[in-house]
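Residue numbers count from 1 along this sequence.
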Amino acid sequence: MSHDSWAEPWKIKMVEPLRMTTREEREAAIRDAGYNSFLLRSDDVYIDLLTDSGTSAMSDYQWAGIMLGDEAYAGSRSFYHLVDAVHEVYGYEEVVPTHQGRGAEHILSQILIEPGDAVPGNMYFTTTRFHQEHAGGHFYDVIIDEAHEPDSLHPFKGNIDLAKLAAVVEEYGVERIPYVSFETNVNMAGGQPASMANLREVYEYCSANGILVMLDATRALENAYFIQQREHGYADTPIHDILREICSYSDGATVSSKKDNLVNIGGLLLLRDPELARKARSLLVAFEGLHTYGGMSGRDMEALARGIEEMAASDTHVRSRVGQVEYLGDGLIKHGIPIVRPVGGHAVFLDARAILDHLPQEHFPAAALTAALYLDAGVRGMERGIVSAGRDKETGENHHPKLELTRLAIPRRVYTQSHMDVTIESIARVHENREDVRGLQFTYEPEELRFFQARFEPVG
Ligand code: PLI
């Protein structure tokens with residue numbers, strides 16, 4: 001069946017009521033949360049766009065799998081179903097299950113990175129860089145310059161700049177580069193894809209130099225969709241085949257299954273080399289769980305196997321998923337609100353630096369905008385700017401990312417078009433009154449991944 005709309009290829013079978021709050025209640029809630037949206041109670045949130053991670057609605061087929069999950073400690077039938085689904089959809093031979101994405105990042109970093117190594121990657125992700133640095137590595141951003149420009153309409157802002165990569169290789173030598181960390185649909189850049197041509201070129205360069213390429217395939221499905229829409233020669237290729245080709249240009253991948261894979265918990269470390277997989281499993285039993293569950297229950301693995309099958313079974317799912325994100329983004333553009341363009345795959349990113357141009361970056365414009373948005377109508381977003389970027393491990397100075405963004409991430413199969421309309425109206429109101437938004441300052445700054453638990457107060 002073909003139609004022009006991105007309309008959902010599903011209907012609603014069960015609903016979860018939402019609590020509506022008053023402005024006074026929201027004022028108290030955000031103050032109690034130290035102006036950090038991570039510290040709000042979900043009962044105080046109307047439309048929760050904090051993250052698309054672990055917030056998907058599962059299908060009836062997945063929920064049926066929850067009842068059928070095999071809870072055997074070792075050799076669970078659900079694990080073997082998961083292995084089959086990964087072989088079919090991603091194509092990696094070795095499947096190492098983990099409790100979530102950062103579990104896979106931890107194991108991968110520990111088996112490959114030696115202190116003093118360099119790990120080039122296309123923009124950092126918070127937990128990924130944490131584990132690379134925790135293992136003694138030094139992260140180098142080798143994404144193309146356009147990724148740092150909110151207004152650049154480059155269709156593949158997730159691409160790696162080969163000259164930047166070659167410069168790191170030149171400086172360190174191949175023996176000090178355990179792998180290139182290549183994220184699909186780069187989260188911190190605004191949900192921006194890499195092109196197939198770039199994936200292929202990076203893999204060819206690395207293979208020729210004996211350097212591994214490890215994908216962060218957390219949102220590879222959404223990347224595959226953009227390749228189909230934007231890259232010459234892929235318009236008629238099914239998503240399933242594009243996804244397989246993306247993975248073919250890598251030696252392994254980490255996956256947070258809480259995104260593309262349509263489950264609420266789970267992760268994967270996927271490899272080709274059996275020896276590397278042996279090392280991973282050897283650490284897995286200490287940090288995650290036995291190699292046939294890795295921190296997931298049998299029912300989690302059953303739902304995950306089914307989620308992986310379902311996401312790639314037809315092109316309509318991802319089209320509708322990204323279609324809804326684009327609907328929100330296009331609505332904001334129509335109201336003249338500065339956002340990162342092109343609209344990303346999993347979220348719309350408000351350009352807080354442009355919207356609150358009366359605030360210096362030291363007063364955390366993206367965090368302030370996120371709090372102001374919650375106050376207006378109970379819509380919860382997330383800071384993705386200087387607070388998330390944290391401090392340099394060596395100098396202790398704040399990183400100053402060029403992108404100072406408030407992210408509105410859309411859970412999969414959860415909200416309706418009218419929820420998106422309410423969100424657009426609320427942001428337009430906040431934008432109208434943007435002069436009134438005050439900056440924030442820390443009252444508590446955690447040492448690691450500070451954005452999660454930091455507390456603030458208004459400046460002045
Ligand atoms: O939250 P985890 O541990 O399952 O996955 C960590 C993780 C790894 N890579 C990428 C690209 C992510 O986006 C990611 C988690 N993202 C979160 C929680 C988010 O809100 O975007």
Side-chain angles (χ1 to χ4, degrees), residues 16 37-38 42 45 48-59 61-63 65-66 69 78-79 81-82 85-86 89-90 95-108 125-131 183-188 191 215-225 243 253-270 284 287-289 293-312 317-318 321-322 324-325 344-347 380-382 384 388 407-415 449 451-452:
E16 179 182 341
S37 62
F38 275 100
S42 66
V45 174
D48 202 349
L49 308 184
L50 180 74
T51 178
D52 63 325
S53 180
T55 51
S56 297
M58 294 203 294
S59 66
Y61 176 63
Q62 287 178 286
W63 277 108
I66 292 278
S78 301
F79 170 70
H81 185 184
L82 174 59
V86 169
V89 173
Y90 291 103
V95 181
V96 181
T98 60
H99 77 285
Q100 58 183 85
R102 68 200 72 181
E105 293 168 348
H106 175 216
I107 303 288
L108 181 71
F125 184 71
T126 52
T127 58
T128 320
R129 189 181 69 193
F130 172 87
H131 282 297
E183 185 183 336
T184 51
N185 240 47
V186 183
N187 190 355
M188 300 299 273
L215 296 185
D216 181 334
T218 294
R219 296 185 182 85
L221 178 78
E222 290 163 9
N223 198 127
Y225 177 73
L243 186 53
T254 53
V255 181
S256 166
S257 295
K258 302 170 74 172
K259 284 83 167 174
D260 275 355
N261 293 167
L262 299 168
V263 287
N264 306 121
I265 194 71
L268 298 164
L269 172 55
L270 307 174
L284 195 78
F287 288 107
E288 297 282 316
Y293 73 84
M296 282 183 279
S297 64
R299 55 183 170 271
D300 293 335
M301 292 190 288
E302 190 57 42
L304 173 54
R306 291 169 184 230
I308 290 172
E309 289 166 357
E310 205 165 282
M311 72 174 195
H317 160 68
V318 68
R321 189 283 183 281
V322 178
Q324 188 181 38
V325 178
H346 67 300
R380 169 157 73 169
M382 179 194 291
R384 293 276 85 154
S388 295
R407 186 184 76 171
L408 304 167
I410 317 239
R412 295 163 186 79
R413 308 193 291 204
V414 171
Y415 290 112
L449 300 173
F451 57 96
F452 282 129

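Between Leu270 and Val96, every side-chain heavy-atom pair lies at or beyond the 4.5 Å cut-off. By the 4.5 Å heavy-atom criterion applied to side chains, Pro97 and Tyr293 are not counted as neighbours. The closest side-chain heavy-atom distance from Thr55 to Asn264 is not below 4.5 Å. Inter-residue side-chain proximity for Val95 and Tyr90 is flagged as unmet; no heavy-atom pair is nearer than 4.5 Å. At least one side-chain heavy atom of Leu221 sits under 4.5 Å from a side-chain heavy atom of His317. Residues Met382 and Arg384 are in side-chain contact: their nearest non-hydrogen atoms beyond the backbone lie under 4.5 Å apart.
By the 4.0 Å N-to-carboxylate-O rule, Arg219 lies close enough to Asp52 to be salt-bridged with it. With salt bridges taken as basic N to acidic carboxylate O contacts below 4.0 Å, none links Arg129 and Glu105.
One N or O on the side chain of Asp300 and one on the backbone of Ser297 form a donor-acceptor pair closer than 3.5 Å. Without hydrogens or angle criteria, Asn185 side chain to Gly191 main chain gives a donor-acceptor distance under 3.5 Å. Of the possible donor and acceptor atoms, one in the side chain of Thr98 sits under 3.5 Å from a partner among the backbone N and O of Gln100. Checking side-chain atoms of Arg407 against main-chain N and O of Leu50 turns up a donor-acceptor pair under 3.5 Å. Judged by distance alone, with hydrogens and angles left aside, the side-chain atoms of Arg380 form no donor-acceptor pair with the main-chain N or O of Asp48 at under 3.5 Å. With hydrogens and angles ignored, the 3.5 Å screen pairs a side-chain donor or acceptor of Gln62 with a backbone N or O of Ala303. With Asp260 contributing its side chain and Met311 its backbone, the two residues share no donor-acceptor pair below 3.5 Å. Between the side chain of Ser78 and the backbone N or O of Gly69, no donor-acceptor pair lies under 3.5 Å.
A donor-acceptor contact closer than 3.5 angstrom is absent between the side chains of Thr218 and Lys259. Between Asn187 and His346, the side chains place a donor N or O and an acceptor N or O closer than 3.5 Å (distance only, hydrogens not considered).
Between Met58 and Leu262, the shortest heavy-atom contact is CG-O, 3.5 Å. The heavy-atom pair separating Leu269 from Ile107 by the smallest distance is CD2-CG2, 3.9 Å. Between Thr184 and Ala217, the shortest heavy-atom contact is OG1-CA, 3.5 Å. The two atoms that bring Ile265 and Met296 nearest to each other are O-SD, 4.4 Å, heavy atoms only. The shortest non-hydrogen separation linking His81 to Glu309 is NE2-OE2, 2.7 Å. Looking at every heavy atom in both residues, Gly345 comes nearest to Val325 through O-CG2, 3.4 Å.
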Does Ile410 form a side chain to side chain contact (heavy atoms under 4.5 Å, CB included) with Arg321? I'd like the steps, not just the answer. CA-CA 9 Å; Ile410 317 239; Arg321 189 283 183 281; 3.8 Å; yes
I would like to know whether Ser56 and Val263 meet side chain to side chain contact (heavy atoms under 4.5 Å, CB included); could you show each step before the answer? CA-CA 6 Å; Ser56 297; Val263 287; over 6 Å; no
Full working for side chain to side chain contact (heavy atoms under 4.5 Å, CB included) between Val186 and Asn223: CA-CA 9 Å; Val186 183; Asn223 198 127; over 6 Å; no
Given Glu310 and Ser59, is the side chain to side chain donor-acceptor pair (under 3.5 Å) satisfied, shown in steps? CA-CA 9 Å; Glu310 205 165 282; Ser59 66; 2.7 Å; yes
Any chance you could lay out the side chain to side chain contact (heavy atoms under 4.5 Å, CB included) test for Thr254 and Leu268, step after step, and finish with the verdict? CA-CA 6 Å; Thr254 53; Leu268 298 164; over 6 Å; no
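By the neighbour-count criterion of 12 heavy atoms within 6.0 Å, atom CZ of Arg413 is densely surrounded, having more than that number from other residues, nucleotides or ligands.
Here the CG-CZ distance, from Leu449 to Arg102, works out to 7.5 Å after rounding to the nearest 0.5 Å. The structure places OG of Ser256 at 9.5 Å from NE2 of His99, a figure rounded to the nearest 0.5 Å. Separation of atoms CE (Met301) and CZ (Phe79) is listed at 7.5 Å; rounding is to 0.5 Å. Between the CH2 atom of Trp63 and the CZ atom of Arg299 there is a distance of 10.0 Å, given to the nearest 0.5 Å.
Just one residue in the list Phe125, Phe451, Phe452 forms a side chain to side chain contact (heavy atoms under 4.5 Å, CB included) with Ser388, and that residue is Phe451.
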